[in-house]
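One is the number of the first residue; the rest follow in order along the sequence.
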Amino acid sequence: MKRSALRLAPYPVLVADAHGVVRFLNDTASALLPRARPGAEVTGAVPEWLATAHQNLTSVPVGSRTGAGSAVTAPSVSAAIRGEIGERSFEAHPTCEETGEVVWWLVDDTDHRLARRALHMERERTAFLGDASNALLSSLNLARCTATTARLAAGHLADAALVIEPPAGRGLAMVSCTRDGEPVRRQVGVEPDLVPGLPEALQGFPPVPSRWIDPAAAPAWIVPEGFGTVGSIVVTPLPGHGVPAGALVLLRGADQAPFTENEEVFARLFAARAGAALSAARLYAEQSSITETLMRELLPPVLHDVSGVEFAGAYRPAAESERVGGDFYDVHPAPADAEGQESLVILGDVCGKGLEAAVLTGKIRNTLHALLPMADDHQRVLSLLNGALLNSHHTRFATLVLASAVRHAGSVRLRLTSAGHPAPLIVRGDGHVEEARTRGTLVGALPEATAVTVEASLAPGETCVLFTDGITEAKGGPLGGDLYGEERLHSALSQCTGMPAAAVVEHIQMLASQWVRGGRHDDMAVVAITAPRNNHLSAVGGRGPGRFTA
């Protein structure tokens, strides 16, 4: 290529021959490479990376002669190489001439390189924020989410990180973590105003720039053990859903570069994601605590023997994921010092399933509990309950059965009242199953609730079974669509002669579960009242009704 054309090139151009001697360079190249001049050795005149590339390029012969009488061969074509000259970065593109000379075109790619570096950094930060979001949202456990926040911040943003929870009472609760360490939870009895910017961050105000915070003024309690001297500090809020979720403190050692403005902005982006995750975890924990408290009042109670009468019950909700539903039962024992008083058993079924039915179930149970002083009159209890349901905002109704039980001279006397509910079944000692002749209207639907109360007696070993229609209407069997039905229930109970109450309930629930297998079914509830086979002890002194061994 002609030297005149090279002289007008917009890029620095350097021409060197196959012996490593500079033959030409334009004015731009002369300004860039002040030690290079025609006739000088490439080595020493240009940066080492360019001299090495020229040497490697000219040492590969291609077998072609470059001119008359010359033994120099033309170098092979090579890709561009990159290196630095001063504070700038250049790409050197070689062009091989037939004379064996190499024309080096030097293209300044500093801005391009910085742009690529910034793009690479942004991609890494975006990938980190994505991974951090996945890690933070993978669990709604508040303690685990806090520890994850501290570990991610220490591993990617600083040398150490502290996640300080919103103040609750005296002192501060925090989780600290170093770059290669494990999160450590601790409670310190200090005030947040000891760290500049921390009180504002805990209230959700924008963070102060890190250059305004003197690292030498950092209190000892924010510095992890063995961390060394603090070089720079960033304090940023953890924004939550409506209320601050805490504050994030980042520490960098004195031997590290201080936080740049871009790094502080990136720390706030991470804090926004961490704060949302922490807020969601804290909200979930609060709701779980409230739900657990309310659920305890809705769950069926654990039954036990009362005054010589065996009581047992079992409940299976319609869905495996639900713990409560529309079926319920309760046993209200007679006072311990009230000899001969009846215990009241209630088993019911609210129309519908799920949480709404469970809420009405809780209301019915509480109302019946308040009506216990009137338990000697089942009709009055049902009428008052019917009025309470009609005056509520619910549109659902319920069926239930009341059973008052008391031990008397080795047997158990019962008063049974059904309000639109399947009648109780009595398992006699010979295996015969009787249906109690009680009938009545459901409660919560009609202006008046009427019912017929019947009396029955259980001999030792006999059982009265209260159940909901979830048992008899359970669909299953060989074809999967047959009802379990009353006939199968009578047959199953006839095999329960002499069984304890708990065994009777377990037997019925097992048969119903085997019948439906994995199919859909309604709520199922069963309560058994059994007169146990035990001895009656005479009263001391021959007075009073005595006491049973049960």
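- The side-chain hydrogen bond (donor to acceptor under 3.5 Å, both in side chains) search around Asp469 returns none, not counting sequence neighbours.
- With sequence neighbours left out, Arg396 forms a salt bridge (Lys or Arg N to Asp or Glu O under 4.0 Å) with Glu356.
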Per-pair distances, 0.1 Å, donor-acceptor, side chain in residues 418-430, under 3.5 Å, sequence neighbours excluded:
{"residue": "Ser418", "atom": "OG", "partner": "His421", "partner atom": "N", "Å": "3.1"}
{"residue": "Ser418", "atom": "OG", "partner": "His421", "partner atom": "O", "Å": "2.6"}
{"residue": "His421", "atom": "ND1", "partner": "Thr399", "partner atom": "OG1", "Å": "2.9"}
{"residue": "His421", "atom": "NE2", "partner": "Phe467", "partner atom": "O", "Å": "2.7"}
{"residue": "Arg428", "atom": "NE", "partner": "Glu434", "partner atom": "OE1", "Å": "3.4"}
{"residue": "Arg428", "atom": "NE", "partner": "Glu434", "partner atom": "OE2", "Å": "3.4"}
{"residue": "Arg428", "atom": "NH1", "partner": "Ser457", "partner atom": "O", "Å": "2.6"}
{"residue": "Arg428", "atom": "NH1", "partner": "Glu462", "partner atom": "OE1", "Å": "2.8"}
{"residue": "Arg428", "atom": "NH2", "partner": "Glu434", "partner atom": "OE1", "Å": "3.2"}
{"residue": "Asp430", "atom": "OD1", "partner": "His432", "partner atom": "N", "Å": "3.0"}

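- Scored by the salt bridge (Lys or Arg N to Asp or Glu O under 4.0 Å) test, Glu487 finds no partners at all (sequence neighbours excluded).
- Considering only heavy atoms from C-beta on, Val454 stays 4.5 Å or farther from Leu414 through its side chain.
- Legend: residues meeting side-chain hydrogen bond (donor to acceptor under 3.5 Å, both in side chains) with Arg125, ordered by chain and number and at least two apart, are absent.
- For the side-chain hydrogen bond (donor to acceptor under 3.5 Å, both in side chains) test, residues two or more places apart in sequence or in another chain that qualify with Arg365 are Asp330.
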Just distance, no hydrogens or angles: give the donor-acceptor pairs under 3.5 Å from side chains in residues 234-251, sequence neighbours left out.
{"residue": "His241", "atom": "ND1", "partner": "Ser279", "partner atom": "OG", "Å": "3.4"}

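- Residue pairs meeting the salt bridge (Lys or Arg N to Asp or Glu O under 4.0 Å) criterion with at least one partner in residues 499-513, sequence neighbours excluded, do not occur; the list is empty.
- For residues 264-273, no residue pair satisfies the salt bridge (Lys or Arg N to Asp or Glu O under 4.0 Å) rule, not counting sequence neighbours.
- Here salt bridge (Lys or Arg N to Asp or Glu O under 4.0 Å) pairs that include residues 408-419, with residues two or more places apart or in two chains, are Glu342-Arg415.
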Return a table of donor-acceptor pairs under 3.5 angstrom between the side chains of residues 168-181 and protein atoms on other chains or two or more places apart.
{"residue": "Thr178", "atom": "OG1", "partner": "Gly181", "partner atom": "N", "Å": "3.3"}
{"residue": "Arg179", "atom": "NH1", "partner": "Gly155", "partner atom": "O", "Å": "3.2"}
{"residue": "Arg179", "atom": "NH2", "partner": "Ala158", "partner atom": "O", "Å": "2.8"}
{"residue": "Arg179", "atom": "NH2", "partner": "Asp159", "partner atom": "OD1", "Å": "3.3"}

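- Scanning for side-chain hydrogen bond (donor to acceptor under 3.5 Å, both in side chains) contacts around Thr149 gives an empty result, with sequence neighbours left out.
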